[in-house]
Peer 1: 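Below you'll find the structure I mean.
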Amino acid sequence: MAAAQLVVLGLVLLGVERGFGAGNISTSMLDVGSKTRLTCTLDSSDTAILGHRWMKGDKVLQEDSEADLTTQFEVDTLESPGQYSCTFLSKPTDRTASVNVKGPPKIKAVKKSEHATEGETVVLACKSESFPPVTQWVWYKIKGDEIEVFNNVSKNKLVVSSETKTELHIQNLVLEADPGVYAWWSRCSHHSKSSPLKGNLPCKVDHTVDSNHMFSLIFKRN
């Protein structure tokens, strides 16, 4: 009797080890016109597939109750970059994989122009919703056919940046030197090569691309 119980217990433990984590998920993307088709495929499953769920962040985008080992979802290539997840619903444990959809930069100026008085401090800023996120920001001033690049050792200019936002702080404004047009350049993480302020990187943003990425700094006289 004891031996029989031991055999049954061994089989139960073996089922826990094998059944609940078996199967690997492979992912792929295919451009279909203006859409990108995301596909997740589970190579095998020891438990029944009860359905599928697609999500972006905390938002459920699609869910079904099909038992297939493949699930697909289409997104707008230009408008919906980001990290998506596909889940194969099962018991006792679901299986999930991530799919990263890269898109063009989505960057906008927080404010198009600033009016300031000499001696004041102004902050020019822009926000990014790009995916992959921005890894490098460069601020500069346009002077005819030339540019002046700023870094954190530039006189009264201080650059403060993160993946989602960049700011140029212009301190103690000088009437003769600081008015003008300012712009920025950005680079995203899926580019391994860059030439500062030149070239045609897909995630490059500067004054040659769109005037929405330029700022005007205008002085007011006391």
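Only this structure's heavy atoms are used, side chains among them; waters, hydrogens and symmetry mates stay out. Remember, predicted model here, so these are calculated numbers, not experimental data.
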Peer 1: Do E167 side-chain atoms and L124 backbone N/O form a donor-acceptor pair below 3.5 Å?
Peer 2: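 Not confirmed, E167 side chain does not pair with L124 backbone.
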
Peer 1: Start with the C-alpha gap between K165 and V160, add the side-chain angles, then the distance that decides, and say whether side chain to side chain contact (heavy atoms under 4.5 Å, CB included) holds.
Peer 2: CA-CA 8 Å; K165 187 176 182 179; V160 179; over 6 Å; no

Peer 1: Evaluate the criterion salt bridge (Lys or Arg N to Asp or Glu O under 4.0 Å) for residue pair K155 and D178; output intermediate values, then yes/no.
Peer 2: CA-CA 11 Å; K155 292 183 181 180; D178 291 326; over 6 Å; no

Peer 1: Would you give the length of the straight line joining atom OG1 of T27 to atom OH of Y84, rounded to the nearest 0.5 angstrom?
Peer 2: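 T27 OG1 to Y84 OH: 14.5 Å, rounded to 0.5 Å.
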
Peer 1: Side chains of T121 and Q171: do they bring a donor and an acceptor to under 3.5 Å?
Peer 2: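 No, Q171 and T121 have no side-chain donor paired with an acceptor closer than 3.5 Å.
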
Peer 1: Looking at K127 and E129, does any basic side-chain N land under 4.0 Å from a carboxylate oxygen?
Peer 2: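 Salt bridge absent between K127 and E129.
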
Peer 1: The test is side chain to side chain donor-acceptor pair (under 3.5 Å); show your working for W139 and T166 and say whether it passes.
Peer 2: CA-CA 9 Å; W139 280 91; T166 183; 2.8 Å; yes

Peer 1: Looking at T87, L69, V99, T70, which hits side-chain contact (heavy atoms from CB on, under 4.5 Å) with C40?
Peer 2: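 The side-chain contact (heavy atoms from CB on, under 4.5 Å) with C40 is passed solely by V99 among T87, L69, V99, T70.
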
Peer 1: So do the side chains of Q83 and S98 get within less than 4.5 Å of each other, counting heavy atoms only?
Peer 2: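 Answer yes - side chains close enough.
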
Peer 1: Can you find a heavy atom in the side chain of L89 that is under 4.5 Å from one in the side chain of E63?
Peer 2: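 L89 vs E63: side chains touch.
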
Peer 1: To check you understand the geometry: which heavy-atom pair defines the closest contact between G23 and D43, and what is its length?
Peer 2: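 So the two residues come closest at CA-OD1, 3.3 Å.
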
Peer 1: Under a 4.5 Å side-chain heavy-atom rule over Ile, Leu, Val, Met, Phe, Trp and Tyr, are L61 and M55 clustered together?
Peer 2: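 Result: no, two separate clusters.
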
Peer 1: So, taking the atom named CE in M29 and the one named OG1 in T39, what distance separates them when rounded to the nearest 0.5 Å?
Peer 2: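 OG1 of T39 is found 10.0 Å from CE of M29.
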
Peer 1: Using a strict 4.0 Å threshold on nitrogen-to-oxygen distance, state whether E74 and R37 make a salt bridge.
Peer 2: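 Here E74 pairs with R37 in a salt bridge, since their nearest N and O are under 4.0 Å apart.
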
Peer 1: Are the side chain of K141 and the backbone N or O of P179 linked by a donor-acceptor pair below 3.5 Å?
Peer 2: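 Present.
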
Peer 1: Between S85 and R53, does any side-chain donor sit less than 3.5 Å from a side-chain acceptor?
Peer 2: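 Distance-only check fails for S85 and R53.
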
Peer 1: Might you point out which heavy atoms bring V149 and Y140 nearest each other, and give the distance in Å?
Peer 2: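 Residues V149 and Y140, closest heavy atoms: CA-CB, 3.9 Å.
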
Peer 1: State whether the side chain of E163 and the backbone N or O of P132 hold a donor-acceptor pair below 3.5 Å, judged by distance alone.
Peer 2: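 Such a contact is absent between E163 side chain and P132 backbone.
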
Peer 1: Might you point out which heavy atoms bring Q136 and V134 nearest each other, and give the distance in Å?
Peer 2: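 Scanning both residues completely, I find the closest heavy atoms to be O-CG1, 3.3 Å.
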
Peer 1: Please report the shortest heavy-atom distance between H52 and D64, naming the atom on each side.
Peer 2: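 Distance-wise, the nearest heavy atoms are ND1-OD1, 2.7 Å.
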
Peer 1: What's the separation between atom CZ in F73 and atom NZ in K56, rounded to the nearest 0.5 Å?
Peer 2: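 Separation between the atoms: 9.5 Å.
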
Peer 1: Go through the side-chain N and O atoms of T47 and S90 and say whether any donor and acceptor fall under 3.5 Å apart.
Peer 2: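 Indeed, the side chains of T47 and S90 share at least one donor-acceptor pair under 3.5 Å.
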
Peer 1: Distance check, rounded to the nearest 0.5 Å: D94 atom CG versus C86 atom SG?
Peer 2: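 D94 CG to C86 SG: 11.5 Å, rounded to 0.5 Å.
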
Peer 1: Would you name the heavy atoms of S162 and W137 that are closest together and state the gap between them?
Peer 2: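 The pair with the smallest heavy-atom distance is O-NE1, 2.8 Å.
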
Peer 1: Going by atom types only, do T71 and W54 share a side-chain donor-acceptor pair under 3.5 Å?
Peer 2: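 Note: T71 and W54 side chains meet the donor-acceptor criterion.
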
Peer 1: Give the minimum heavy-atom separation between F88 and D68, together with the two atoms involved.
Peer 2: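 Of all heavy-atom pairs spanning F88 and D68, the closest is CE2-O, 3.9 Å.
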
Peer 1: Within a strict 4.5 Å, meaning less than it, do heavy atoms of the F150 and V138 side chains meet?
Peer 2: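 No, side chains not in contact.
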
Peer 1: Rounded to the nearest 0.5 Å, what separation is found between the OG1 atom of T36 and the CG atom of L38?
Peer 2: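 Between atom OG1 of T36 and atom CG of L38 there are 7.0 Å.
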
Peer 1: Starting at CD1 of I49, measure out to NZ of K91 and round the result to the nearest 0.5 Å.
Peer 2: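 Atom-to-atom, I49:CD1 and K91:NZ are 13.0 Å apart.
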
Peer 1: Kindly indicate, with the supporting measurements, whether the criterion side chain to side chain contact (heavy atoms under 4.5 Å, CB included) is fulfilled by V123 and L168.
Peer 2: CA-CA 6 Å; V123 178; L168 175 64; over 6 Å; no

